[in-house]
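By convention in this document, chain letters (A, B, ...) are assigned in the order of the sequence lines, proteins followed by strands, and residues within each chain are numbered from 1. Owing to the predicted nature of the structure, the values given are computational and were not obtained by experimental measurement.
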Amino acid sequence: MEQELKYQPKDYKSDQYVRWCPGCGDHAVLNCVHKAMAELNVDPKDIAVISGIGCSSRLPYYMNSYGFHTIHGRGAAIATGVKTANPALNVWLMTGDGDCLAIGGNHFIHAVRRNIDLNIVLFNNKIYGLTKGQYSPTTDRGFVTKSSPYGTVEEPFIPAELTFGARGNFFARVIDVDLKNTTDILTASARHKGASVVEVLVNCVIFNDGIHKQITDKEFRPDRTIFLRHGEKMLFGKENEKGLVLDGLKLKVVTIGQDGYTLDDILVHDAHTEDATMHMMLGMMGGDLPLALGVIRDVDAPCYDQEVEKQILEVQAKKPHRTLNEFLMSGEIWEVK
Amino acid sequence: MEQELKYQPKDYKSDQYVRWCPGCGDHAVLNCVHKAMAELNVDPKDIAVISGIGCSSRLPYYMNSYGFHTIHGRGAAIATGVKTANPALNVWLMTGDGDCLAIGGNHFIHAVRRNIDLNIVLFNNKIYGLTKGQYSPTTDRGFVTKSSPYGTVEEPFIPAELTFGARGNFFARVIDVDLKNTTDILTASARHKGASVVEVLVNCVIFNDGIHKQITDKEFRPDRTIFLRHGEKMLFGKENEKGLVLDGLKLKVVTIGQDGYTLDDILVHDAHTEDATMHMMLGMMGGDLPLALGVIRDVDAPCYDQEVEKQILEVQAKKPHRTLNEFLMSGEIWEVK
Amino acid sequence: MTEQTKVTTLEKVVVRFSGDSGDGMQLTGTIFSNLSAILGNEISTFPDFPAEIRAPQGSLSGVSGFQVHLGSKKIFTPGDKADVLVAMNPAALKVNVNYLKPLAIVVIDTDSFQKSDLDKAKFTTDDPFKELGLTNVQVIAAPISSMVKDGLAEFGLDNKSAVRCKNMFALGLVCWLFDRPLDEAMHMLQNKFAKKPTIAQANIKALTDGYNYGHNTHALVSTYRIESKKMAPGFYTDVNGNKATAYGLIAAAEKAGLKLFLGSYPITPATDILQELSARKDLGVKALQFEDEIAGICTSIGASFAGSLAATSTSGPGLALKSEAIGLAVIAEIPLVVVDVQRGGPSTGLPTKSEQTDLAQALYGRNGESPVVVIAASTPTDCFDAAFWAGKLALEHMTPVILLTDSFLANGSSAWKLPDMKDYPEIKPKYATEYKGDTPWKAYHRDPETLVRYWAVPGMEGFAHRIGGLEKDYDTSAISTDPHNHQKMVTTRQAKIDKIADYIPEVEVLGDKDADLLIVGWGGTFGHLCEAMETMHENGKKVALAHFKFISPLPKNTAEVLLKYKKVVVAEQNNGQFANYLRSKISGFNPYKFNRVKGQPFIVSRLVEEFTKLLEA
Amino acid sequence: MTEQTKVTTLEKVVVRFSGDSGDGMQLTGTIFSNLSAILGNEISTFPDFPAEIRAPQGSLSGVSGFQVHLGSKKIFTPGDKADVLVAMNPAALKVNVNYLKPLAIVVIDTDSFQKSDLDKAKFTTDDPFKELGLTNVQVIAAPISSMVKDGLAEFGLDNKSAVRCKNMFALGLVCWLFDRPLDEAMHMLQNKFAKKPTIAQANIKALTDGYNYGHNTHALVSTYRIESKKMAPGFYTDVNGNKATAYGLIAAAEKAGLKLFLGSYPITPATDILQELSARKDLGVKALQFEDEIAGICTSIGASFAGSLAATSTSGPGLALKSEAIGLAVIAEIPLVVVDVQRGGPSTGLPTKSEQTDLAQALYGRNGESPVVVIAASTPTDCFDAAFWAGKLALEHMTPVILLTDSFLANGSSAWKLPDMKDYPEIKPKYATEYKGDTPWKAYHRDPETLVRYWAVPGMEGFAHRIGGLEKDYDTSAISTDPHNHQKMVTTRQAKIDKIADYIPEVEVLGDKDADLLIVGWGGTFGHLCEAMETMHENGKKVALAHFKFISPLPKNTAEVLLKYKKVVVAEQNNGQFANYLRSKISGFNPYKFNRVKGQPFIVSRLVEEFTKLLEA
Ligand SMILES: Cc1ncc(C[n+]2csc(CCOP(=O)(O)OP(=O)(O)O)c2C)c(N)n1
Ligand SMILES: Cc1ncc(C[n+]2csc(CCOP(=O)(O)OP(=O)(O)O)c2C)c(N)n1
Ligand code: SF4
Ligand code: SF4
Ligand SMILES: [Mg+2]
Ligand SMILES: [Mg+2]
């Protein structure tokens with residue numbers, strides 16, 4: 001599809017000073033968002049960037065599009081209204097792990113279930129940044145924060161798992177420091193029709209510095225992460241020497257050339273398969289298995305906003321009246337003379 | 001564990017008239033709850049039955065225990081408070097598909113994630129009964145209700161899937177008409193330490209009559225459902241002639257003696273395995289596969305209410321002060337004479 | 001009958017039980033009238049036995065009836081026409097067809113309205129109501145026989161004995177309709193069947209089941225008032241307050257040339273608005289049910305941001321949940337209509353009853369200085385105009401508008417002259433394209449006259465902007481924490497609402513110019529207050545009525561009107577919320593208060609009594 | 001300086017920038033004083049160069065300083081002691097040690113406080129603050145150098161040039177502290193480095209980064225007032241309002257012999273209460289963070305039902321979210337403390353600013369007639385007593401109590417004499433075991449005197465019962481829709497709250513018995529109003545102050561007090577919410593109003609000015 005690219009990343013930048021801390025991972029994501037939009041070639045006037053409250057939720061101010069910085073946790077519901085009212089808009093939801101999964105958890109799972117065509121960017125720094133360091137629903141069990149001075153006693157949500165539990169059809173995971181892939185995947189998420197969830201692992205340099213270090217640092221990344229691409233083998237490691245195979249209902253890491261495993265044994269990633277079993281297994285990796293990055297699931301399904309429009313057209317095709325007066329006159333009426 | 005059974009089901013019955021419609025599935029569940037409690041042999045004074053709002057949520061009034069009929073959707077949060085404040089209580093949450101999964105969705109997934117020791121009974125009639133017939137988050141796509149006069153355009157939640165997506169450790173599914181199993185499984189759910197979710201498929205004879213008929217009717221039940229029991233083969237059919245096997249990452253129905261399948265090939269149900277992959281596959285069955293009934297997952301994990309208590313004891317073991325005055329005197333103070 | 005529930009507006013009521021002679025209607029009627037007497041009603045009854053001793057079952061001549069007229073006082077006759085008819089079979093319906101009031105409630109057993117039953121009563125079509133021309137009755141159609149059979153399964157009765165209890169099911173249903181506790185009826189049944197405890201229990205069970213059925217289904221019963229005595233020429237239809245509200249919103253969207261969006265969540269007694277608008281896909285309405293009330297309002301806020309006329313509908317507890325989001329709409333200054341169909345509170349309270357207890361919540365239920373427009377509808381048909389006004393003010397003044405109706409209006413229906421939309425004023429939101437200021441347009445630049453900010457909608461070229469819940473700079477529209485700016489914005493948001501007084505009608509005073517007593521009311525009590533005033537006029541008293549539809553801001557002439565009369569009484573169905581509000585706004589205003597919080601409409605005779613006392617005080 | 005933000009209570013302020021001579025402190029100070037002048041402040045500055053021209057880097061003799069004294073009027077000197085000190089290295093800290101006010105804010109660059117730096121300034125330990133005896137200052141310790149390096153990476157400057165911008169980072173931070181917009185400073189930098197655009201840009205970036213750092217971390221800066229001039233003998237500690245609130249709740253639980261439970265969700269400026277109580281596991285407190293504000297209150301309601309002293313803490317938007325659940329606590333009649341630390345509204349508003357704009361929401365923000373107790377704390381240390389009272393009234397009167405504090409109290413700290421719990425009254429909830437009625441106990445049976453229902457807690461033998469949000473029968477405690485019963489319950493719930501007036505102290509009048517003007521206030525403005533009164537006394541004016549802690553119900557002598565004075569002014573940080581409430585309660589009360597909604601504390605001199613005008617009017 002050859003199309004003239006009319007926009008530059010800067011065309012999406014607003015004139016507001018960016019208020020994030022120096023070194024905050026959100027800066028990188030913002031840049032990637034600008035780039036992804038240029039890539040998508042969409043007119044800034046047709047973009048609506050919605051957010052809740054949190055450091056990450058300030059992003060709309062830094063966009064030169066239409067934007068609405070709303071209230072804590074309600075971004076998903078407000079974005080649902082924007083998109084349903086006007087499906088022609090390109091609607092993004094910028095949200096943090098607290099905003100999206102604590103107070104906003106319900107709107108999030110319902111937006112995902114309805115498969116409304118939103119591009120949801122979940123900034124996961126495993127902490128409440130804006131309120132200065134309390135634990136969030138993604139904070140690891142036992143972690144000490146300002147509101148868990150002796151460590152949390154809760155199991156964290158795994159955003160991929162919750163998304164799939166809520167019938168999600170698009171889930172991707174990226175890291176703030178990987179600008180190239182983040183841009184690409186934001187672009188892919190916007191192209192997906194339906195609710196797409198992109199979890200970005202971001203660093204909060206002030207209140208949770210280094211929380212993703214064990215994964216995102218250049219030295220660990222090749223061995224502790226795997227970047228999934230649809231149709232490609234699930235390989236990772238510095239030399240792509242390792243891969244994933246299925247062992248019963250479990251995924252297993254093997255080294256090519258060891259224990260008799262060859263490249264042929266390695267699984268091929270199918271992001272488009274409807275059954276979510278494998279996507280769930282991939283999304284849940286971690287610990288001994290590499291953390292999955294990239295688009296884990298990307299399946300087409302009816303979009304809420306489109307279905308609403310379609311139903312109106314179907315009904316209207318059967319009924320002639322279009323104005324209130326016509327409608328009322330078509331009902332049970334009587335005349336007084 | 002031989003223990004004298006001191007209580008009869010009637011000891012848990014209150015003197016209030018039961019206000020459900022004749023033929024409503026909730027009556028049966030109420031009876032099973034009474035029986036399960038007798039089975040559990042727990043003193044009514046140590047039971048707290050919490051509910052939100054809905055027809056099903058009126059259940060606490062029909063119990064002779066402590067009870068709290070709260071506000072729509074908030075039962076899970078209120079029950080969390082009851083149990084955390086006093087872990088010695090036996091706490092039940094009675095909730096409907098609307099109460100639990102629409103307005104109450106967030107409290108539900110968080111209660112499940114925290115693994116607080118609640119017995120959650122989810123009355124799923126796929127409709128809002130109390131408000132007279134609007135669709136709920138479990139209503140099938142396309143279904144016509146008072147608020148979806150042209151059919152819904154939403155994908156329903158599957159409670160098992162959402163529970164697992166929220167890190168759930170106990171999930172069971174039963175049907176209102178099967179009193180024996182419902183009683184047993186309610187008992188098992190109460191014995192489980194942690195958040196246990198029991199989805200009961202109930203009939204709303206007034207606003208959604210027959211919604212589960214295709215599954216619960218005696219004639220269909222043997223072929224369209226499978227009752228899972230930990231450690232037992234996954235068999236079903238009138239003569240237990242059919243069973244489930246694994247075909248790659250998919251479950252498949254086979255007939256014993258056909259296509260070379262023998263009893264040995266049939267999967268054995270392991271409700272206690274930590275990995276939820278198989279439980280998710282079982283919970284998602286339907287359509288061509290039989291609907292899974294019984295306890296699908298039952299895994300031990302730390303309980304929130306217990307962990308909160310434990311942490312207090314740990315901290316107290318290290319600090320001598322127990323009163324506000326002692327604590328204040330141990331801080332940074334100065335004296336004016 | 002001083003107080004009753006489902007049949008709310010009537011102070012006297014006629015109930016007729018009618019069925020086959022074997023259906024036990026006499027017993028049913030007797031029990032009902034006895035227990036009404038026990039509850040303090042005056043009663044007059046009329047048992048109406050069939051002429052033939054053994055007429056064929058189901059035939060017209062076999063119909064047996066029992067009529068009860070009951071009320072709080074002065075019941076001299078068994079009444080002419082029935083407000084409620086229980087018709088156990090088609091024959092019973094047919095013989096009573098001329099004895100029904102308009103919009104009477106007719107309870108039928110659908111199990112006895114099968115083809116063969118209709119034949120016996122000599123119906124020729126399968127729609128007996130249509131055939132009888134009964135178009136303006138409210139039918140509660142329940143499968144009574146089969147429910148009774150199901151409900152009594154545990155008693156092991158034979159089929160016939162079981163079905164015989166269906167009269168008690170019907171009685172239970174009527175008891176529910178009139179909020180009659182069942183205890184006395186049970187007692188009577190126990191006595192009557194003292195020797196047959198199983199039959200007693202079965203009858204009691206059927207009675208309870210009928211009650212519960214009514215309770216669980218609410219069976220859509222509405223109340224009826226004639227709002228105006230003279231009917232102007234034109235086309236009419238019946239409409240209840242919820243439908244009128246729905247149509248008013250559609251009308252406003254039409255006049256503004258916008259799509260109507262409703263984000264909502266079911267809640268009694270507001271659900272009908274969602275249901276009516278969901279069905280209006282033919283008119284392009286997007287009325288959608290979301291996961292809760294917060295999502296209901298938040299999707300609407302999103303839709304408003306995207307350029308729709310957006311509304312959300314709820315009742316008290318739902319309004320509480322929407323508080324935070326209303327605040328967002330206030331500071332974002334976007335148009336939004338919030339309909340609150342008031343019911344009995346606090347908390348879940350009395351979900352099917354009517355009150356005016358959400359006024360204070362509507363005015364004050366948000367953090368910060370957070371002014372909104374508050375409007376209240378006064379009759380079922382006025383809900384149309386009030387909703388239209390709400391849409392108009394929201395769009396033209398870029399503000400949330402809370403429209404208060406109540407359960408009584410919502411379910412009450414009236415004859416309604418179809419409005420001609422040509423008679424309604426234009427609705428013209430001020431779009432950013434109309435901005436003519438010297439400096440480049442910013443999101444919070446205002447029309448100097450109305451203080452309304454110009455509306456820019458995503459998709460408009462050249463007006464991309466960001467809004468949100470944080471305080472904004474008056475000039476640059478950027479986030480601001482400047483103290484002076486905050487004061488200025490707080491003052492401006494209030495002034496914007498206050499200025500709306502220039503765009504709404506003044507409050508009218510009905511009745512005597514030189515009245516000795518001014519009655520002040522608002523919202524759904526209009527009919528009763530008006531009737532009370534008229535009755536007092538008939539008694540030769542000089543009274544006037546000032547009834548408020550616009551509450552925030554108040555009409556410009558409010559202080560003038562209220563301070564003109566020596567005696568003023570503010571009558572409302574709460575503990576004095578409007579009176580307090582008026583006192584906080586108008587120096588020197590010290591009215592009497594008449595307050596009832598019973599979940600019931602006012603009773604005209606009581607109003608007259610109390611107001612007359614005030615006059616004499 | 002009329003208005004400033006983070007350093008809130010001062011009308012004049014002294015800022016000192018201090019660092020090595022290479023650190024650019026003169027430029028920093030100059031820019032800051034210039035832009036303050038541009039913003040309308042009077043200023044007086046004092047550049048303080050090092051004695052030696054080229055003292056060794058980091059040494060005591062190399063310290064260069066620039067002091068600015070600024071305020072709204074009458075600034076004659078550069079000031080004696082600093083309210084804010086920027087110390088770029090340990091030497092700068094040391095030379096300024098004697099020029100700091102108590103609780104001054106000290107900004108340091110932690111990157112320059114390493115061992116080698118401390119050595120150069122001749123520190124012998126690794127804790128310079130301790131070594132200098134600087135225990136009562138507020139330190140903002142930021143890794144300025146490294147953040148500047150990181151922040152400027154994109155400019156490709158060499159390390160030295162980059163680090164040289166650290167003065168601008170410090171300036172940005174101070175600008176944030178005083179709410180100075182950066183535009184002017186940027187302008188000056190652009191001019192200064194006109195020929196080196198990269199350097200200009202780098203300096204601007206560092207400036208912005210410093211501002212953002214302050215903005216994002218808030219760097220925990222609090223305000224300080226001396227509440228009482230004479231200190232009674234005893235042990236003291238510093239406490240801010242949030243901590244005092246937390247301790248007050250602990251104290252109430254202790255006195256009642258109950259566990260304290262707090263269900264909460266973080267929100268500025270209330271988070272500290274959750275954090276302080278989370279750390280009090282040593283005292284057995286269960287203070288837990290839940291998924292949102294609704295879960296916060298609902299878990300607390302559950303805990304209350306289960307027999308704890310339960311509380312929830314939040315700020316305005318969170319209170320809005322809790323509205324529906326507060327209604328449940330009202331109708332269920334269970335004890336519950338809801339702490340609302342007010343901040344600037346509406347909506348998200350100005351989260352770090354202070355207002356009194358949630359009073360109306362606290363009083364009225366629920367559906368139905370839903371009365372609660374409302375209390376407001378008047379000083380940081382009074383938060384302790386107010387929270388104790390809240391717990392006591394909640395438990396002894398089985399009701400939700402809303403405790404209003406505000407951002408100013410919450411973050412303001414005071415010297416606090418440790419309370420001896422023996423001096424505090426007992427807290428005795430009425431348990432069901434104390435019920436002595438004739439009929440068997442039911443959940444809504446009441447103590448005839450207080451109208452308080454008896455408390456039965458799960459686990460108690462013989463008192464199992466069901467409560468909920470639906471209206472209950474006065475006698476049987478079963479669900480009831482009876483109109484008379486509803487009226488009775490509505491009246492009783494209100495009467496129960498009204499009766500609490502018998503159990504709280506009367507409002508005290510401070511100042512002149514025969515005052516010409518009575519100042520009326522409530523909550524966190526006490527200090528300023530009191531100071532205003534005292535200043536006016538010094539000016540020979542006769543004024544008095546009635547400051548309210550108990551708002552619903554009002555103290556019994558309220559009407560008497562308010563109607564006694566010829567002139568009364570109600571002063572509050574909102575648009576008149578308390579004044580309106582008083583007017584709705586007290587016939588004939590027509591006060592003047594003094595209202596400011598700036599997110600800032602009152603300014604005493606303005607109060608004096610305005611009140612004096614009123615006296616003369
Ligand atoms: C109703 C409400 N509750 C609480 C808050 C306070 N609050 C603001 S942001 C936030 C959490 C932010 O965490 P997250 O969403 O992870 O964003 P981050 O700052 O980490 O990017 C909280 C609790 C609020 N603004 N509104
Ligand atoms: C805040 C609030 N919103 C809405 C309602 C109205 N309401 C009561 S129950 C209910 C749904 C009931 O459905 P479900 O939970 O499935 O229970 P069921 O009646 O089917 O057993 C609704 C919408 C309410 N009572 N409170
Ligand atoms: S506090 Fe954390 S999340 Fe917020 S801007 Fe700073 S680094 Fe980013
Ligand atoms: S309406 Fe439905 S769910 Fe409610 S009681 Fe009747 S049958 Fe049961
Ligand atoms: Mg976060
Ligand atoms: Mg349901």
**Message:** Looking at K259(D), I'd like to know if its NZ atom is crowded, meaning that more than 12 non-hydrogen atoms belonging to other residues, nucleotides or ligands lie closer than 6.0 Å.
**Reply:** no
**Message:** Can you tell me if K243(D) has over 12 outside heavy atoms packed within less than 6.0 Å of its NZ?
**Reply:** no
If you tally heavy-atom pairs under 4.5 Å against chain B, which of [options] wins?
options: E291(D), K281(D), E461(D); result: E291(D)
options: G263(D), G284(D), S304(D); result: G284(D)
options: G469(D), A295(D), G459(D), G468(D); result: G459(D)
options: A478(D), P458(D), S300(D), A325(D); result: P458(D)
options: I250(D), T135(D), I331(D), L288(D); result: L288(D)

**Asked** Does R466(D) make a cation-pi contact with Y61(B), if we ask for NZ or CZ under 6.0 Å from the ring centre and within 45° of the axis?
**Response** no
So which part of [X] gets closer than 4.5 Å to some heavy atom of chain B, the side chain, the backbone, both or neither?
X: S308(D); value: side chain
X: V457(D); value: backbone
X: E254(D); value: side chain
X: A332(D); value: side chain
X: F261(D); value: side chain
X: A456(D); value: both
X: L418(D); value: side chain
X: D420(D); value: both
X: F305(D); value: side chain

Residue selection (most heavy-atom pairs with chain D, distance under 4.5 Å) from [options]:
options: K83(B), K45(B), R74(B), R322(B); value: K45(B)
options: K318(B), H321(B), H107(B), K337(B); value: H107(B)
options: A77(B), G75(B), G67(B); value: G67(B)
options: N64(B), D46(B), V49(B); value: N64(B)
options: V315(B), I71(B), N86(B); value: I71(B)

**Asked** Which distance, rounded to the nearest 0.5 Å, do you find between the CG of N115(B) and the NE2 of H110(B)?
**Response**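 One finds 14.5 Å between CG of N115(B) and NE2 of H110(B).
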**Prompt:** Is the ring centre of H34(B) less than 6.0 Å from the ring centre of Y12(B)?
**Reply:** no
So for [X], is it side chain, backbone, both, or neither that comes closer than 4.5 Å to the heavy atoms of chain D?
X: R19(B); value: neither
X: S65(B); value: backbone
X: M329(B); value: both
X: F68(B); value: both
X: L89(B); value: side chain
X: R114(B); value: side chain
X: T323(B); value: both
X: Y304(B); value: side chain
X: I53(B); value: neither

**Request:** Determine the interplanar angle of the F463(D) and W441(D) rings, folded into 0 to 90°, and report it as parallel if under 30°, tilted if 30 to 60°, perpendicular if over 60°.
**Result:** perpendicular
**Request:** On the 0 to 90° scale, with breaks at 30° and 60°, tag the F384(D)-Y424(D) ring pair as parallel, tilted or perpendicular.
**Result:**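 Perpendicular.
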Short N-O contact, [X] and [Y], less than 4.0 angstrom:
X: E324(D); Y: R366(D); result: no
X: R280(D); Y: D282(D); result: yes
X: E326(B); Y: K319(B); result: no

**Request:** Could you walk me through whether R453(D) and H445(D) pass side-chain hydrogen bond (donor to acceptor under 3.5 Å, both in side chains), step by step?
**Result:** CA-CA 5 Å; R453(D) 76 179 188 89; H445(D) 280 173; over 6 Å; no
Min side-chain heavy-atom separation [X]-[Y] under 4.5 Å:
X: E309(B); Y: K286(D); answer: yes
X: T80(B); Y: F290(D); answer: yes
X: D26(B); Y: L59(B); answer: no

**Item:** The single option from W20(B), Y62(B), F123(B) passing ring pair (Phe, Tyr, Trp, His ring centres under 6.0 Å) against H27(B)
**Value:** W20(B)
**Asked** Step by step, would you call T312(D) with K322(D) a side-chain hydrogen bond (donor to acceptor under 3.5 Å, both in side chains)?
**Response** CA-CA 10 Å; T312(D) 185; K322(D) 292 176 198 287; 2.9 Å; yes
